[in-house]
Amino acid sequence: MGIAKESVVEAIENALALLPAKEIENLLEVPPSADLGDYSFPCFTLAKKMRKAPAIIAKELAEKIPQDDLFNRIEVVNGYVNFYLDKGHLANKLLPKIKKEAMKYGQSDEGKSKSVVIDFSSPNIAKPFSVAHLRSTVIGHSLSRIWEHMGYKVERINHLGDWGTQFGKVIYAYKNWGDEPSSYSKGSIRHLLELYVRFHKEADQNPSLDDEARLWFKRLEDGDKEAYVLWEQFRKTSLDSLVEVYELMGITFDHYTGESFYNDKIPGAIEKLQPFMKESEGAEIVELSDDMPPFLVRKSDGATLYGTRDLAAAIYRQETYKFAKALYVVGGEQALHFKQVFAVLKKLGYDWADNCEHVPFGLMRFGDMKLSTRQGNVIFLEDVLAKAIELTKSIIEEKNPNLDNKEEVARAVGVGAVMFNDLRNNRIKDINFEWDELLNFQGDTGPYVQYTHARACSLLQKGGVPEAANLSLLQEEEEKVLVASLERFPEVVAQAAKGNEPSTVARYSLGLARDFNKFYQAHRIADAEEEVAKARLMLVDGVRQVIALSLYLLGIEAPEKM
RNA sequence: GCGCUUGUAGCUCAGCUGGAUAGAGCAACGGACUUCUAAUCCGUAGGCCGCAGGUUCGAGUCCUGCCAAGCGCACCA
């Protein structure tokens, strides 16, 4: 909670002596327009409890609230008590605080000595990293930082899809067609994709290929040497190329524990399941409530499924990390799967199943069709990033040809544009992959926020960062808006964490950037009258800091020049 | 057929968990660079919030029913 909001809540709590602070905090809202104040307390819900008209409650409440330095005006309108913050006074408290706390501003101790494990990215290995995987990667990375800001110890887990029937397919394809001429070098990730696509094409004509693939996977699970060597080779090739992309985006993991990691933990998990297992059509299942299909433990050929591995993984993670929360950043199309997995955990008597949460997101589409690896209908993420970086370079040549480290800035901005594009909207929305939109750096985009940050840096370089200033001088409308916005930042982070919704931070950063650019447009800063310049520069520094921090929470870099 | 998700400006989306006059960006049109980075800013235009009921002081937001789109519904992940 921001410092001003905190005092408003406290003032209401004391004057009202009826509701706990928590409830007041929930009721308190930000009015739709600035001339209605900065915080507003609606009295409608109290009307029943107090058996009085809202307007009367509001009036009496307002009268009981003592004078406070922070809010210089309280007004009653239509059953609302509106608080107007004294921005000068607020700035005097807030800006030094932001300066001091820097990247720690808005941190919470909510998660002190608790951990949250976040399962994200988790691409299928032996397949190229496509833009479809971008979503989980970028959202999960941002959530990791957001939860860290909430004080939690975060375990970033890349649950690589490095086990399963698809390996049977690739092995089969590689053995049968791997030596045929290809435009890609043998065994490379693009070559493997080519084989994978061909497998599906041929399997459509000849379904017995699917049996062959299942057989190869079964051999792999049974420890067949030939299958294992090929699997290892494919895994390494894929992982190497994955890590390259992660490095480009500045994304890291604490654990690369993929599905294969749980192989030796499967028997233990199955043993726990034993009392609930049934045989059905040759397969082994656990029946769940009527509204859900049964959970498959083992296929009729005895091989395991990814659900079984998810189960073993959840148990392992609880034992190893004692998580307070486990998040699965996985597409919405797997909602039923996770519902089943959590239900099975519950059935096993694990109460912590309630702390497991599927964090779904919408599909990435390309034109009318779903991107499908099987049909070879993929857009490689590395190609997208390369194109974005390329475009950024040409923009730099045009706008700022004397820039020092062009390569590095082009990478940060190009990659930032792609990542921001994925974080801007509520994650549940489907995304249409549009080159034009992705490569447009104007308006609500990552580069816009980064540009604003660079602008602020540039001002500070020119005017310097004052140690102190008379911040009561910040009385212009554009300045007040910025101060109020900076005060709300802690709330924004908390809200983003609560909803596992990075877009909350993205939207906030856009709004802050917009307000800053208006301010920049309307007033001289570095060359204003000395005392005013000092106050404004301190405000600029506060904005610079909070934009940098917002971008950090989104997992995006903030170059000082661009 | 059943379940989940989504429907808000021409397009892409916000809308603080039921509050005040529904807001941004893109695209279009018209303006602002001898001045701190124009990747910017200002202005104009654009709306039966899918449709119909209901709940109450009050509904884009909650409930019910339709309509439309997407995703799922045991041996893929």
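In what follows, chains carry the letters A, B, and so on, assigned in the order in which the sequence lines appear, proteins first and then strands, with residues in each chain numbered from 1.
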Practice problem: Assign each of L36(A) and V413(A) to its nearest nucleotide of RNA chain B by heavy atoms, then name whichever residue's nucleotide is nearer the 5' end. | Solution: L36(A)
Within the structure shown, what part of the strands sits under 4.0 Å from [X] by heavy-atom distance: base, sugar-phosphate, or nothing?
{"X": "K399(A)", "value": "base"}
{"X": "I428(A)", "value": "sugar-phosphate"}
{"X": "A283(A)", "value": "base"}
{"X": "H523(A)", "value": "base"}
{"X": "E491(A)", "value": "nothing"}

Practice problem: Measure across A522(A) and E478(A) and return the closest heavy-atom pair with its distance rounded to 0.1 Å. | Solution: CB-OE2, 3.7 Å
Exercise. Spell out protein contact along nucleotides 9-15 of chain B as letters: B when the base is contacted, S when just the sugar-phosphate is, - when no protein heavy atom is under 4.0 Å; keep the 5' to 3' order.
Key: ---SSSS
Self-check item: Secondary-structure stems, RNA chain B, at least 3 Watson-Crick or G-U base pairs under 3.5 Å
Solution: B:1-7 with B:67-73, B:10-13 with B:23-26, B:28-32 with B:40-44, B:50-54 with B:62-66
Exercise. Confirm from the modelled atom types if S40(A) and A20(B) form a donor-acceptor pair under 3.5 Å, side chain to base only.
Key: yes
Self-check item: Polar side-chain contact N517(A)-A39(B) base: donor and acceptor under 3.5 Å
Solution: no
Self-check item: D527(A): partners by salt bridge (charged side-chain N to carboxylate O under 4.0 Å, His left out), with sequence neighbours left out
Solution: K462(A), R524(A)
Quiz item: Are the charged groups of K387(A) and E390(A) less than 4.0 angstrom apart, N to O?
Solution: no
Exercise. Could you tell me whether the phosphate oxygens of A77(B), OP1 or OP2, come under 4.0 Å of any side-chain nitrogen or oxygen in Y306(A)?
Key: no
